[in-house]
> 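Have a look at this one before I ask anything.
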There are 2 protein chains.
Amino acid sequence: MRAVSSASSAPQVLQAAHLNAKFFQGLADPTRLRIVRLLLERPHTVGELVERLGVGQSGVSNHLACLRWCGYVTSQRNGRSVTYRIADRRVRLLVKLAEAIVADNASQIASCMRITDRAPR
Amino acid sequence: MRAVSSASSAPQVLQAAHLNAKFFQGLADPTRLRIVRLLLERPHTVGELVERLGVGQSGVSNHLACLRWCGYVTSQRNGRSVTYRIADRRVRLLVKLAEAIVADNASQIASCMRITDRAPR
DNA sequence: TTGACATATTAGAATGCGGTGATATATAAT
DNA sequence: ATTATATATCACCGCATTCTAATATGTCAA
């Protein structure tokens with residue numbers, strides 16, 4: 001079955017879907033989500049995040065860039081270091097809301113085969 | 001810089017991050033997000049979704065399985081067709097909240113280079 | 001300036017993920 | 001039973017995303 005065109009496949013709808021999907025993808029990585037959670041505690045410098053995450057500096061920096069692009073965090077340089085903080089108060093709501101839903105579906109989500117866990121190298 | 005072990009890299013924290021990241025990944029695909037939006041309007045059968053989305057039946061079915069695993073939707077067979085509906089009222093809040101945040105950061109998200117748009121085939 | 005420190009960017013390799021087509025299963029009608 | 005309809009599952013391909021290491025940029029100290 002293949003459809004032609006309808007209200008739900010109009011360009012602006014597709015555009016919005018792409019934009020929002022990109023936004024969700026910001027939190028769709030374990031490391032990025034951990035970063036957001038740490039920043040919800042308090043602002044951190046990149047070095048602090050690297051230390052607490054146990055992830056390479058390059059990776060952390062890239063993830064931070066991604067989160068910044070998505071509007072989750074903002075950065076501010078203080079001397080040699082750069083401090084990152086949550087950009088929008090609603091981010092906390094978003095994360096908490098997701099946690100609450102996940103808490104009620106933990107077993108199901110764990111059995112999702114379509115989204116595979118990345119094997120640690 | 002490489003860290004050893006801390007409260008933020010304890011197994012259960014990592015586990016939770018993986019689980020929640022997986023959950024967000026459910027909405028991190030344009031097609032799946034469109035499906036969720038259609039289901040927020042009203043329940044749909046698979047056939048209706050295929051028609052409205054303009055995506056292959058196989059793909060829609062796989063995406064629905066993913067959304068079901070993540071706890072976003074539930075399915076119910078009625079005769080030959082299967083009707084899908086939103087599983088949790090909080091899903092609407094989650095999507096609306098994200099939309100609101102995105103609306104205030106649209107230009108930035110659009111310029112995010114780390115998450116590339118998948119070229120349509 | 002030079003060196004040290006902190007962060008950002010880039011390149012390359014490995015792998016995850018989505019799309020499609022073919023096939024399997026389930027239900028209903030004849 | 002056979003056929004048609006609706007959905008699910010499977011296998012394969014190609015691109016996207018991630019990781020790591022190397023390098024570049026930016027800032028401060030001496």
Side-chain angles (χ1 to χ4, degrees), chain A residues 1-3 14 17-18 21-22 24-35 43-70 73-84 111-121, chain B residues 1-3 17-18 21-22 24-35 43-70 73-84 112-121:
Chain A
M1 261 190 228
R2 250 359 187 93
L14 293 180
H18 275 276
K22 256 190 190 177
F24 278 118
Q25 190 142 357
L27 298 183
D29 177 85
T31 302
R32 285 197 295 270
L33 190 53
R34 287 174 66 204
I35 290 175
H44 284 71
T45 67
V46 179
E48 289 170 339
L49 290 173
V50 169
E51 195 176 349
R52 294 192 68 179
L53 291 169
V55 174
Q57 178 268 327
S58 165
V60 171
S61 185
N62 274 318
H63 282 307
L64 284 170
C66 181
L67 290 171
R68 183 155 30 85
W69 273 323
C70 285
V73 305
T74 58
S75 62
Q76 181 184 8
R77 178 175 282 275
N78 294 334
R80 281 184 249 189
S81 68
V82 176
T83 299
Y84 280 79
S111 71
C112 173
M113 299 303 297
R114 177 97 193 197
I115 300 174
T116 313
D117 270 326
R118 182 174 297 269
R121 268 182 281 171
Chain B
M1 263 192 230
R2 255 350 193 94
H18 276 277
K22 256 190 189 176
F24 278 117
Q25 189 142 358
L27 298 182
D29 177 83
T31 303
R32 284 197 295 270
L33 191 52
R34 287 175 65 205
I35 290 175
H44 284 71
T45 66
V46 178
E48 288 171 340
L49 290 173
V50 169
E51 194 176 350
R52 295 192 68 179
L53 291 169
V55 174
Q57 177 268 328
S58 165
V60 172
S61 185
N62 273 320
H63 283 307
L64 285 170
C66 182
L67 290 171
R68 184 154 31 84
W69 275 323
C70 286
V73 306
T74 59
S75 62
Q76 180 184 11
R77 179 174 280 276
N78 295 333
R80 280 184 253 188
S81 67
V82 176
T83 299
Y84 280 80
C112 172
M113 298 304 294
R114 176 103 191 193
I115 300 174
T116 314
D117 270 327
R118 184 175 295 270
R121 265 180 286 172

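For the numbers below, each heavy atom of this structure counts, side chains included, while hydrogens, waters and symmetry mates do not. In what follows, chains carry the letters A, B, and so on, assigned in the order in which the sequence lines appear, proteins first and then strands, with residues in each chain numbered from 1.
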> Checking A:Arg32 side chain against A:Gly26 main chain: does a donor-acceptor pair fall under 3.5 Å?
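Answer holds: yes.
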
> Please state how far atom CD1 in B:Ile35 lies from atom P in D:dT7, giving the value in whole angstrom units.
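Result: 13 Å.
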
> Between atom CD of B:Gln25 and atom SG of B:Cys70, what is the distance when rounded to the nearest 0.5 Å?
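The SG atom of B:Cys70 is 8.5 Å from CD of B:Gln25, to the nearest 0.5 Å.
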
> Could you state the atom-to-atom distance from CG of B:Leu64 to P of C:dG19 in whole Å?
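After rounding, the gap between these two atoms is 12 Å.
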
> Can you tell me the distance, in whole Å, between the CG atom of A:Leu53 and the P atom of D:dT18?
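Going from CG in A:Leu53 over to P in D:dT18 covers 15 Å.
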
> Strictly under 4.0 angstrom, non-hydrogen atoms only: write out the protein contact profile of nucleotides 24-30 of chain C, one letter per nucleotide from the 5' end, B, S or -.
---BSS-

> State the CG-OG1 distance between B:Leu67 and B:Thr74, to the nearest 0.5 angstrom.
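Between B:Leu67 CG and B:Thr74 OG1, I get 11.5 Å after rounding to 0.5 Å.
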
> Quick one: side chain to side chain contact (heavy atoms under 4.5 Å, CB included) partners of B:Ser61, sequence neighbours excluded?
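Testing B:Ser61 for side chain to side chain contact (heavy atoms under 4.5 Å, CB included), a comparison that skips the adjacent residues, returns B:Gln57.
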
> How close or far is atom P of C:dA6 from atom NE2 of A:His44, stated in whole angstroms?
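Spelled out: NE2 on A:His44 to P on C:dA6 is 16 Å.
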
> State whether B:Tyr84 places a side-chain N or O below 4.0 Å from either non-bridging phosphate oxygen (OP1 or OP2) of D:dA8.
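Yes, because at least one side-chain N or O of B:Tyr84 sits under 4.0 Å from OP1 or OP2 of D:dA8.
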
> Once rounded to the nearest 0.5 Å, what's the spacing between atom CG of A:Leu49 and atom OG1 of A:Thr31?
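That separation rounds to 11.5 Å.
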
> Which one, C:dG19, C:dT7, D:dC19, comes nearest to the side chain of A:Val82?
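Selected nucleotide: C:dT7.
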
> Would you list the protein and nucleotides 9-12 of chain D atom pairs, both N or O, that sit under 3.5 Å from each other?
residue : atom : partner : partner atom : Å
D:dT9   : O4   : B:Ser58 : OG           : 3.0
D:dC10  : N4   : B:Ser58 : OG           : 3.4
D:dC10  : N4   : B:Asn62 : ND2          : 3.4

> Can you name the side chain to side chain contact (heavy atoms under 4.5 Å, CB included) partners of B:Thr83, sequence neighbours left out?
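Side chain to side chain contact (heavy atoms under 4.5 Å, CB included) check on B:Thr83 returns B:Pro43, B:Thr45, B:Asn78, B:Arg85.
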
> Is a donor on one side and an acceptor on the other found under 3.5 Å between the side chain of A:Arg52 and the backbone of A:Gly54?
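The answer is no, because no donor-acceptor pair under 3.5 Å joins these two groups.
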
> From A:Ile35 CD1 over to A:Leu53 CG, what is the distance, rounded to the nearest 0.5 angstrom?
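One gets 5.5 Å once the value is rounded to the nearest 0.5 Å.
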
> What integer distance in Å separates B:Phe24:CZ from C:dC17:P?
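Rounding to the nearest Å, CZ of B:Phe24 and P of C:dC17 are 17 Å apart.
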
> Just do the side chain to side chain contact (heavy atoms under 4.5 Å, CB included) check on A:Trp69 and A:Lys22 with the steps written out, would you?
CA-CA 10 Å; A:Trp69 273 323; A:Lys22 256 190 190 177; over 6 Å; no

> Of the candidate nucleotides C:dG19, D:dA6, D:dA8, which contains the atom at the shortest distance from the side chain of B:His63?
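Selected nucleotide: C:dG19.
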
> Can you measure B:Gln25 atom CD to C:dG16 atom P for me and round it to whole angstrom units?
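Interatomic distance, CD of B:Gln25 to P of C:dG16: 12 Å.
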
> Please give, in whole Å, the distance from D:dT5 P to B:Glu51 CD?
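The distance from CD of B:Glu51 to P of D:dT5 comes to 15 Å, rounded to the nearest Å.
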
> Distance check needed: C:dA6 P versus A:Gln76 CD, whole Å only.
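My rounded result for the distance is 18 Å.
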
